[in-house]
Asker: 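Got a structure for you, written out below as structure tokens; questions coming shortly.
The structure presented is a predicted model; accordingly, all values stated were derived computationally and were not measured. Labels below follow one simple rule: chain letters A, B, ... track the order of the sequence lines, proteins then strands, and each chain is numbered from 1.
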Number of protein chains: 2
Amino acid sequence: MTASDTRERLLDAAERQFSERGYDGASLREITQAAEANLAAVSYHFGSKEDLFVAVVARRVQPINLERLRLLDQAEARAGERPLEVEAIVEAMIAPVLRSGADGPCVLRMVGRANSESAAPTRRVVEGPMREIRARVRRALRRALPHLNERELSYRMHFTMGVVKSVASDQHLLHAISDGQCDPQDLDGTIAQLVPFLAAGMRAPSVERKRRASARSRRS
Amino acid sequence: MTASDTRERLLDAAERQFSERGYDGASLREITQAAEANLAAVSYHFGSKEDLFVAVVARRVQPINLERLRLLDQAEARAGERPLEVEAIVEAMIAPVLRSGADGPCVLRMVGRANSESAAPTRRVVEGPMREIRARVRRALRRALPHLNERELSYRMHFTMGVVKSVASDQHLLHAISDGQCDPQDLDGTIAQLVPFLAAGMRAPSVERKRRASARSRRS
DNA sequence: GTCTATAAAGGGATAGAC
DNA sequence: GTCTATCCCTTTATAGAC
């Protein structure tokens with residue numbers, strides 16, 4: 001049992017507990033017990049419960065964001081000088097997060113739940129790296145969807161990230177809603193359904209332009 | 001100060017605390033203090049923390065679902081024998097929940113957060129009444145979108161309810177993402193953006209049919 | 001119905017031995 | 001690095017006076 005072995009086991013156990021019971025609901029006693037470690041090990045390795053939480057999230061955030069950038073690079077290579085495909089941009093935003101839940105509890109469940117429970121610690125880890133992704137996604141979407149203004153772009157990006165979060169958090173609901181026809185564990189299946197849904201939403205006419213268009217059609 | 005006055009103040013204070021800090025994060029001490037009531041009043045009026053939570057949620061759920069049914073009735077009256085407009089169905093699903101947050105914290109924030117923290121108490125109050133709404137919405141969507149199979153209908157309804165939940169929970173994120181251009185308090189503005197987005201997603205081609213269609217187009 | 005007081009349990013953190 | 005033991009605080013819940 002190496003030095004960092006306990007550390008890893010603590011991270012794994014904490015991730016599970018935090019995602020299942022929320023930050024406040026999870027107790028260090030349960031976490032250390034599940035990790036077959038001592039209660040004091042948390043203090044030794046991480047300092048505090050909050051620092052443990054931050055470490056748990058941080059471990060997942062970087063790989064996810066690297067994968068997002070990789071997918072965007074790949075899509076850009078495919079597109080050459082043309083705007084990226086909306087589907088490719090959407091997939092780059094959502095697939096890495098959803099897939100990160102395949103080998104365990106999804107980060108988004110933890111982050112989402114802790115988001116306003118104790119907002120400060122989470123945002124520290126998540127929002128910094130996310131800013132870069134968001135900027136790049138926004139640039140790509142702006143080119144791909146020139147009919148949208150900045151405000152609408154913001155709304156639609158927000159909606160998109162929102163679906164992902166709730167899909168990751170409430171997998172059991174999907175199973176219930178569909179009478180078992182949809183398998184929440186089948187991430188690729190979910191992604192295959194989600195990408196066209198969101199891409200179509202993204203491509204929806206601008207609300208302002210739509211108003212003007214319908215005013216025009218009434219006149220004619 | 002009538003008898004039920006304390007009860008109402010407790011419900012109001014509890015709603016705020018639960019939605020801001022989550023079920024576990026909220027303490028009866030803070031709640032009773034905010035309600036200018038005594039700690040023991042919770043036991044007297046509700047029995048336990050969990051029963052208080054259930055009462056808080058239950059108070060909101062019924063009006064929301066009645067409003068949903070009202071909007072569906074209204075849309076059906078407009079449509080006559082034709083299928084309902086997708087926009088109208090989507091709006092009936094989402095607007096009542098979002099608007100219920102106008103005069104206070106949105107139910108969805110509480111429910112969403114408590115959803116897997118302590119799943120049992122929440123589902124008891126929410127899922128029962130929700131089943132009727134879902135069944136009716138599904139029937140309406142099935143007629144309006146005959147190109148979708150049941151599985152896809154499930155996915156898209158799930159996505160739709162998901163966006164709503166996260167939009168309600170993370171209003172601050174919308175403000176941050178948009179550099180202040182989108183006002184999360186402006187519920188009608190958000191609904192006006194959300195309905196066309198989701199309706200377009202709903203109308204997106206069936207994934208299966210799309211595959212066959214693209215196979216056909218490659219042949220031609 | 002409302003209060004005080006307290007019970008009983010569980011939480012995070014840490015000192016200090018090994 | 002790991003452990004035991006313990007401190008100190010907060011939590012929910014309730015008994016019993018008013």
Asker: Measure from CZ on A:Arg7 to P on D:dG1 and round the result to the nearest Å.
Answerer: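 The distance from CZ of A:Arg7 to P of D:dG1 comes to 10 Å, rounded to the nearest Å.
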Asker: Between atom CG in B:Leu10 and atom P in D:dA13, what is the gap in whole Å?
Answerer: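 The distance from CG of B:Leu10 to P of D:dA13 comes to 14 Å, rounded to the nearest Å.
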Asker: Run the salt bridge (charged side-chain N to carboxylate O under 4.0 Å, His left out) test against A:Glu76 and tell me which residues pass, sequence neighbours left out.
Answerer: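 A:Glu76: salt bridge (charged side-chain N to carboxylate O under 4.0 Å, His left out) contacts with A:Arg136.
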Asker: How close or far is atom P of C:dG12 from atom CG of A:Asp51, stated in whole angstroms?
Answerer: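 One finds 14 Å between P of C:dG12 and CG of A:Asp51, rounded.
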Asker: Could you state the atom-to-atom distance from NE2 of A:His45 to C1' of D:dT2 in whole Å?
Answerer: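 These atoms are roughly 8 Å apart.
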Asker: Check the distance between D:dG1's C1' and A:Phe46's CZ and give it to me in whole angstrom.
Answerer: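 For the pair A:Phe46 CZ and D:dG1 C1', the rounded distance is 13 Å.
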Asker: Using atom CG of B:Asp5 as one end and atom C1' of C:dG1 as the other, report the distance to the nearest whole Å.
Answerer: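 It is 12 Å, rounded to the nearest whole Å.
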Asker: For A:Arg99, check salt bridge (charged side-chain N to carboxylate O under 4.0 Å, His left out) against everything at least two apart and list the hits.
Answerer: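 Salt bridge (charged side-chain N to carboxylate O under 4.0 Å, His left out) list for A:Arg99, sorted by chain: A:Asp188.
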Asker: Can you give one letter per nucleotide of nucleotides 13-18 of chain C, 5' to 3': B if a protein heavy atom sits under 4.0 Å from the base, S if only from the sugar-phosphate, - if neither?
Answerer: BB----
Asker: Nearest whole Å is fine: how far is C:dG10 P from A:Arg21 CZ?
Answerer: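 Taking CZ of A:Arg21 and P of C:dG10, I get 12 Å after rounding.
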Asker: Determine whether B:Met110 and B:Tyr23 make a side-chain contact, defined as any pair of heavy atoms from C-beta on separated by less than 4.5 Å.
Answerer: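 The answer is no, as the side chains (C-beta and beyond) never meet within the 4.5 Å cut-off.
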Asker: Check salt bridge (charged side-chain N to carboxylate O under 4.0 Å, His left out) between B:Arg138 and all other residues, then give those that pass, not counting sequence neighbours.
Answerer: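 By the salt bridge (charged side-chain N to carboxylate O under 4.0 Å, His left out) rule, B:Arg138 matches B:Glu150.
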Asker: Rounded to the nearest angstrom, tell me the gap between atom CD in A:Glu36 and atom C1' in D:dG1.
Answerer: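 After rounding, the gap between these two atoms is 17 Å.
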Asker: For residues 46-59 of chain A, pull every pair meeting salt bridge (Lys or Arg N to Asp or Glu O under 4.0 Å), keeping only residues two or more places apart or in separate chains.
Answerer: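 As it turns out, the salt bridge (Lys or Arg N to Asp or Glu O under 4.0 Å) pairs with a partner in residues 46-59 of chain A, which skip direct neighbours, are A:Glu8-A:Arg59, A:Asp12-A:Arg59, A:Glu15-A:Arg59, A:Glu50-A:Arg124.
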Asker: Could you list the donor-acceptor pairs under 3.5 angstrom formed between side-chain atoms of residues 189-204 of chain B and any protein atom two or more places apart in sequence or on another chain?
Answerer:
from	atom 1	to	atom 2	distance (Å)
B:Thr190	OG1	B:Asp186	O	3.2
B:Arg203	NH1	B:Glu87	OE2	3.1
B:Arg203	NH2	B:Glu87	OE1	2.7

